[in-house]
Amino acid sequence: MDARLNFIGNTVGANFGKYINSASKVVIDSALPAVTQELVKLRASQINGCGYCTDMHTKDAAHAGETPVRLNLVAAWREATVYTDAERAALELTEQGTRIADAATGVSDEAWANAAKHYDEDQLAALVCLIALINAYNRMNVIVQQPAGDYQPGQWG
């Protein structure tokens with residue numbers, strides 16, 4: 001299976017990738033815990049049906065030491081006992097921010113207030129930016145039908 005479009009081999013796609021990856025670096029370098037970042041990226045990718053990003057973030061998280069149990073339970077995090085209250089708040093914000101069109105109010109005040117109990121303003125800003133970024137990456141990969149399965153941890157730097 002081949003992607004419909006090779007972003008890396010396309011001038012516009014490559015330039016866009018350079019800038020969106022720079023935005024991603026801001027989040028990576030933030031005080032938002034790295035494990036939370038991976039859980040957020042994985043959950044949004046699952047919701048959006050992005051095989052490429054699901055593959056990437058599962059492998060990157062495992063490579064960074066995340067346990068198989070926690071990775072396997074991300075899709076069912078509400079029923080799982082392996083996540084902290086802060087991680088649960090981030091996952092709820094991720095789900096509501098990813099499914100923004102499913103609710104007339106977008107992200108609920110309750111989800112925001114819960115996240116604000118666990119993260120300071122800089123971390124909240126990073127979390128919001130991360131949710132927006134992973135949704136953008138997901139949409140790009142889903143639209144071009146980027147194949148999944150061959151990603152190697154650290155492949156993109």
Student: Would you name the heavy atoms of Thr98 and Arg139 that are closest together and state the gap between them?
Tutor: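 So the two residues come closest at O-NH2, 4.0 Å.
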Student: Using side-chain heavy atoms (C-beta onward) and a distance below 4.5 Å, is Arg78 in contact with Glu95?
Tutor: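 Counting from C-beta outward, Arg78 and Glu95 do come under 4.5 Å.
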Student: Is Tyr119 reaching over with its side chain to a backbone N or O of Ala125, donor-acceptor style, under 3.5 angstrom?
Tutor: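 A pair under 3.5 Å: no.
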Student: Other residues, nucleotides and ligands only: do more than 12 of their heavy atoms fall within 6.0 Å of CG on Asp29?
Tutor: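 Atom CG in Asp29 is packed in, count exceeds 12.
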Student: Can you tell me how far apart CD1 (Ile47) and OG1 (Thr94) are? Round to the nearest 0.5 Å.
Tutor: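 Separation between the atoms: 7.5 Å.
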Student: Just verifying a value: how many Å separate Thr105 OG1 and Asp102 CG, rounded to the nearest 0.5 Å?
Tutor: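 Result: 11.0 Å between the selected atoms.
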Student: Please find the pair of heavy atoms, one from Val144 and one from Phe7, that lie closest to each other, and give the distance.
Tutor: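 Heavy atoms only, the tightest pair is CG1-CE1, 3.7 Å.
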Student: Report the distance from atom NE2 of His118 to atom OG1 of Thr36, rounding to the nearest 0.5 Å.
Tutor: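 That separation rounds to 11.0 Å.
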Student: So do the side chains of Asn21 and Tyr137 get within less than 4.5 Å of each other, counting heavy atoms only?
Tutor: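 The answer is yes, as the side chains (C-beta and beyond) meet within the 4.5 Å cut-off.
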Student: What is the distance from atom SG of Cys129 to atom CD1 of Ile134, rounded to the nearest 0.5 Å?
Tutor: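 Cys129 SG to Ile134 CD1: 13.5 Å, rounded to 0.5 Å.
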Student: With a 3.5 Å distance limit and no angle check, can you tell me whether Glu38 reaches the backbone of Asp60 through a side-chain donor-acceptor pair?
Tutor: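 No, the answer is negative, given that no donor and acceptor are paired below the 3.5 Å cut-off.
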Student: Taking atom CG as the centre, does Asp150 end up with more than 12 heavy-atom neighbours from other residues, nucleotides or ligands that are less than 6.0 angstrom away?
Tutor: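 Incorrect, the count does not exceed 12.
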Student: Between Asn10 (side chain only) and Asn6 (backbone N and O only), is there a donor and an acceptor less than 3.5 Å apart?
Tutor: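 Here the side-chain-to-backbone pair does not exist.
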Student: Hey, does the side chain of Thr67 reach the backbone of Arg70 with a donor-acceptor pair shorter than 3.5 angstrom?
Tutor: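 Yes, the answer is positive, given that a donor and an acceptor are paired below the 3.5 Å cut-off.
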Student: Between Arg88 and Trp77, is there a donor-acceptor pair closer than 3.5 Å when you use the side chain of the first and the backbone of the second?
Tutor: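 Here the side-chain-to-backbone pair exists.
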Student: Between the side chain of Glu92 and the main-chain N/O of Ala89, is any donor-acceptor distance below 3.5 Å?
Tutor: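 No, the answer is negative, given that no donor and acceptor are paired below the 3.5 Å cut-off.
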Student: If every non-hydrogen atom of Gly49 is compared with every non-hydrogen atom of Val142, which pair is closest and at what distance?
Tutor: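 Shortest heavy-atom contact: O-CG2, 3.8 Å.
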Student: Over all heavy atoms of both residues, which pair between Arg4 and Ile143 is shortest? Give the atoms and the distance, please.
Tutor: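 Answer, listing the atom of Arg4 first, then Ile143: NH1-O, 2.7 Å.
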Student: About how many Å separate CD of Gln123 and CG of Asp120, when rounded to the nearest 0.5 Å?
Tutor: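 The CD atom of Gln123 is 4.0 Å from CG of Asp120, to the nearest 0.5 Å.
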Student: Here's a test for you: under side-chain hydrogen bond (donor to acceptor under 3.5 Å, both in side chains), which of Asn141, Asn138, Thr54 qualifies with Ser45?
Tutor: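 Single side-chain hydrogen bond (donor to acceptor under 3.5 Å, both in side chains) partner of Ser45 among Asn141, Asn138, Thr54: Asn138.
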Student: If every non-hydrogen atom of Pro147 is compared with every non-hydrogen atom of Tyr52, which pair is closest and at what distance?
Tutor: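 In this case the closest contact between Pro147 and Tyr52 is O-CD1, 3.1 Å.
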Student: Look only at the side chain of Gln37 and the backbone of Leu130, and say whether a donor-acceptor pair between them is shorter than 3.5 Å.
Tutor: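 Flag not set: sc Gln37 to bb Leu130 has no pair under 3.5 Å.
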Student: Any side-chain heavy atom of Gln146 sitting closer than 4.5 Å to one from Cys50?
Tutor: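 No, every pair of side-chain atoms sits at 4.5 Å or beyond.
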Student: Where is the tightest heavy-atom contact between Tyr151 and Gly154, given as atom of each residue plus distance?
Tutor: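 Tyr151 and Gly154 have their closest heavy atoms at OH-N, 3.3 Å.
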Student: Can you tell me if Glu66 uses its side chain to pair, donor with acceptor, with the backbone of Leu71 under 3.5 Å?
Tutor: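 No, because the side chain of Glu66 does not come within donor-acceptor range (under 3.5 Å) of the backbone of Leu71.
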Student: Between NE2 of His63 and CD of Gln152, what distance do you get to the nearest 0.5 Å?
Tutor: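 That separation rounds to 10.0 Å.
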